[in-house]
Amino acid sequence: MLKNYTKLLLIAGLIVSFSSCKKDVESPMNNIDIGLPANSSVVYGNDQEIVLPSNVAGASDVQVSFEFSQVPNIQLGNSGSLHDKLKRALSFDKTSGKIKIQSAALYPNDAISSLNGSKIPSSYKVDVIANSKSAGFQGRQTIDFKITPAKLNIKGLDNQAAIPFAYILYGDAANFDLEASGNIMQDINWDIENKSTIGTDVSVVNSQLRFMTGAGDPAKKTEKSYDVIPVLKKDGFTVATRSFRVFFIPQIKFFYGTYYSDLDLTLLFNNIHIALSNGYVSAVPTLFPEKYKSTFSIVSIEKDGKSFTAPTGVFSINEKTGSITVTKNTSLTAGAYKFTVKAVTTTGLEFSTTLTLNMSQG
């Protein structure tokens with residue numbers, strides 16, 4: 001009996017062993033290339049989606065996980081660690097078969113914290129692990145993605161320019177509203193990156209950049225510019241920025257007459273009597289400082305206080321100098337002809353003045 005029992009145990013062991021070997025043969029785990037893009041870049045505040053190949057995402061029981069051993073686990077104070085942020089930022093949607101990267105949960109690469117000096121690595125190298133028992137595969141791949149800072153906008157200016165700029169007259173309010181994408185407006189604070197070089201003339205309050213009344217030249221006679229870099233920060237790291245330039249310029253003087261700058265004396269010659277029907281060329285107007293002189297145009301004409309449409313070719317203005325010409329004619333009648341003239345400066349600012357020509361029989 002003992003001999004037979006031993007034989008039975010041996011046979012049972014062989015069956016179990018054979019079954020185990022057969023199972024291993026039937027379900028091998030193949031190492032596969034996941035087929036993800038090796039490198040990518042996204043602007044802070046935007047989400048990035050990476051599509052898994054159909055042979056991977058199509059497996060009914062596919063599992064995707066992430067490892068962050070190649071990323072330094074920087075401590076972020078009360079905000080936790082960089083690995084904590086990565087866990088929140090990366091996810092896999094089985095329905096769509098996409099890996100999603102929420103950049104606003106992280107920080108731009110190479111950013112340095114103004115709070116403790118810690119530095120974000122030059123890129124995020126994350127290991128993606130995918131496996132499926134039913135499809136019999138497993139794979140691991142490193143994706144290397146980079147987050148770049150977002151760009152702030154200055155409301156009302158040309159933000160397509162490399163450096164948006166504005167011209168401000170001394171004495172005028174100089175406040176600029178800053179704008180950023182709604183995706184990056186959580187858990188952030190405003191700051192000026194180069195405030196140590198521009199002093200106390202500029203500050204940022206909430207989302208508004210403000211220049212003090214005394215900004216620029218104290219005497220308000222010469223042009224002065226400020227290069228300002230407003231930034232948005234999260235946990236001390238800059239997440240959005242924009243270089244911005246503001247020029248403060250003297251108050252523009254624009255009139256028909258003469259200006260003596262050394263005496264700050266103005267002599268007006270904007271009410272002139274001329275003979276009816278004769279030709280006439282006015283003196284050029286004063287636009288001071290002259291360096292801002294650009295173009296001139298006639299906005300409107302009034303005769304004796306009422307709107308007047310001049311016959312073609314009777315009145316004209318030199319666009320470069322502002323001088324008004326009256327051609328010799330017989331179509332005008334006696335009266336006071338008031339011209340409203342507009343000057344557009346090299347800075348894009350507009351100013352207007354008037355010149356009245358009183359025409360009577362000579």
Side-chain angles (χ1 to χ4, degrees), residues 151-179 190-205 207-231 241-270 283-299 317-323 340-355:
K151 280 191 175 181
L152 298 173
N153 288 333
I154 292 85
K155 192 173 181 179
L157 298 186
D158 178 13
N159 289 286
Q160 297 303 313
I163 301 179
F165 62 90
Y167 286 89
I168 302 296
L169 296 174
Y170 284 120
D172 287 0
N175 299 325
F176 300 91
D177 292 322
L178 304 171
E179 299 176 319
W190 293 92
D191 202 356
I192 297 175
E193 185 175 290
N194 60 333
K195 58 187 175 184
S196 62
T197 61
I198 59 177
T200 59
D201 285 350
V202 192
S203 61
V204 59
V205 179
S207 60
Q208 190 175 72
L209 197 65
R210 299 178 181 179
F211 287 80
M212 292 182 62
T213 305
D217 171 35
K220 305 187 186 308
K221 291 184 178 181
T222 60
E223 181 180 300
K224 182 175 180 178
S225 65
Y226 289 84
D227 287 303
V228 186
I229 307 175
V231 295
T241 182
R242 167 74 81 169
S243 293
F244 174 44
R245 185 169 295 152
V246 177
F247 298 87
F248 283 87
I249 64 175
Q251 287 287 340
I252 301 294
K253 297 182 182 296
F254 177 47
F255 57 90
Y256 283 85
T258 303
Y259 177 63
Y260 298 94
S261 58
D262 54 338
L263 301 174
D264 194 20
L265 176 64
T266 298
L267 299 179
L268 292 177
F269 301 108
N270 62 351
V284 301
T286 290
L287 192 145
F288 181 87
E290 192 170 343
K291 64 179 285 188
Y292 300 115
K293 184 183 291 187
S294 181
T295 61
F296 302 88
S297 61
I298 296 173
V299 176
I317 188 170
N318 186 313
E319 294 183 356
K320 297 299 182 183
T321 68
S323 174
T340 298
V341 176
K342 178 176 72 175
V344 179
T345 66
T346 56
T347 65
L349 298 175
E350 297 182 359
F351 302 88
S352 63
T353 192
T354 62
L355 172 66

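The analysis underlying the following values was restricted to heavy atoms, covering all of them including side chains, and did not include hydrogens, waters or symmetry mates.
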Side chains of R242 and P164, heavy atoms from C-beta outward: is any pair under 4.5 Å? yes

Do I192 and V228 come within less than 4.5 Å of each other through their side chains, counting heavy atoms only? yes

At what distance, to the nearest 0.5 angstrom, does CG of L355 lie from OG of S323? 9.5 Å

Residues that R245 engages under salt bridge (charged side-chain N to carboxylate O under 4.0 Å, His left out), provided they are two or more places apart: D227

Y167: partners by side-chain hydrogen bond (donor to acceptor under 3.5 Å, both in side chains), with sequence neighbours left out: none

Which residue pairs satisfy the side chain to side chain donor-acceptor pair (under 3.5 Å) criterion with at least one member in residues 341-351, sequence neighbours excluded? T345-T347

Quick one: are V202 and V246 in side-chain contact, heavy atoms under 4.5 Å? no

Please enumerate all residues that pass side-chain hydrogen bond (donor to acceptor under 3.5 Å, both in side chains) together with D201, with sequence neighbours excluded. Y226

In Å, rounded to the nearest 0.5 Å, how long is the span from OG1 of T353 to CG of N270? 6.0 Å

Show every donor-acceptor pair shorter than 3.5 Å between a side-chain atom in residues 247-262 and any protein atom, with sequence neighbours excluded, or say none if there are none.
residue : atom : partner : partner atom : Å
Q251    : NE2  : Y170    : O            : 2.4
Y256    : OH   : G322    : O            : 2.8
Y259    : OH   : D264    : OD1          : 2.7

Answer yes or no: is there a side-chain heavy-atom contact under 4.5 Å between L209 and N175? no

Got a second to check how far L349's CG is from D172's CG, nearest 0.5 Å? 8.5 Å

When rounded to the nearest 0.5 Å, the distance separating OG of S243 from CD1 of I229 is 4.5 Å

Listed once per pair and sorted, the salt bridge (charged side-chain N to carboxylate O under 4.0 Å, His left out) pairs that draw on residues 152-170, sequence neighbours left out: none

Set of side-chain hydrogen bond (donor to acceptor under 3.5 Å, both in side chains) partners for N159, sequence neighbours left out: none

Distance in Å, K224 NZ paired with I168 CD1, rounded so as to fall on 0.5 Å steps: 15.0 Å

Where do F269 and T286 land on the side-chain contact (heavy atoms from CB on, under 4.5 Å) test, with the steps shown first? CA-CA 10 Å; F269 301 108; T286 290; over 6 Å; no

Checking K195 now: which residues fulfil side-chain hydrogen bond (donor to acceptor under 3.5 Å, both in side chains) with it, not counting sequence neighbours? D191

How long is the span from the CD atom in E179 to the CG atom in L157, to the nearest 0.5 Å? 10.0 Å

For residues 211-223, tabulate all N or O donor-acceptor pairs below 3.5 Å that involve a side-chain atom, not counting sequence neighbours.
residue : atom : partner : partner atom : Å
D217    : OD1  : A219    : N            : 3.3
D217    : OD2  : K220    : N            : 3.0
D217    : OD2  : K221    : N            : 2.8
D217    : OD2  : T222    : N            : 3.1
D217    : OD2  : T222    : OG1          : 3.4
E223    : OE1  : Y292    : OH           : 2.5

Which atom of F244 lies closest to which atom of A166, heavy atoms considered: CE1-N, 4.4 Å

Quick one, V205 and R210 - any side-chain contact, counting heavy atoms below 4.5 Å? yes

Taken in chain and number order and not counting sequence neighbours, the residues that satisfy side chain to side chain contact (heavy atoms under 4.5 Å, CB included) with T197 are N194

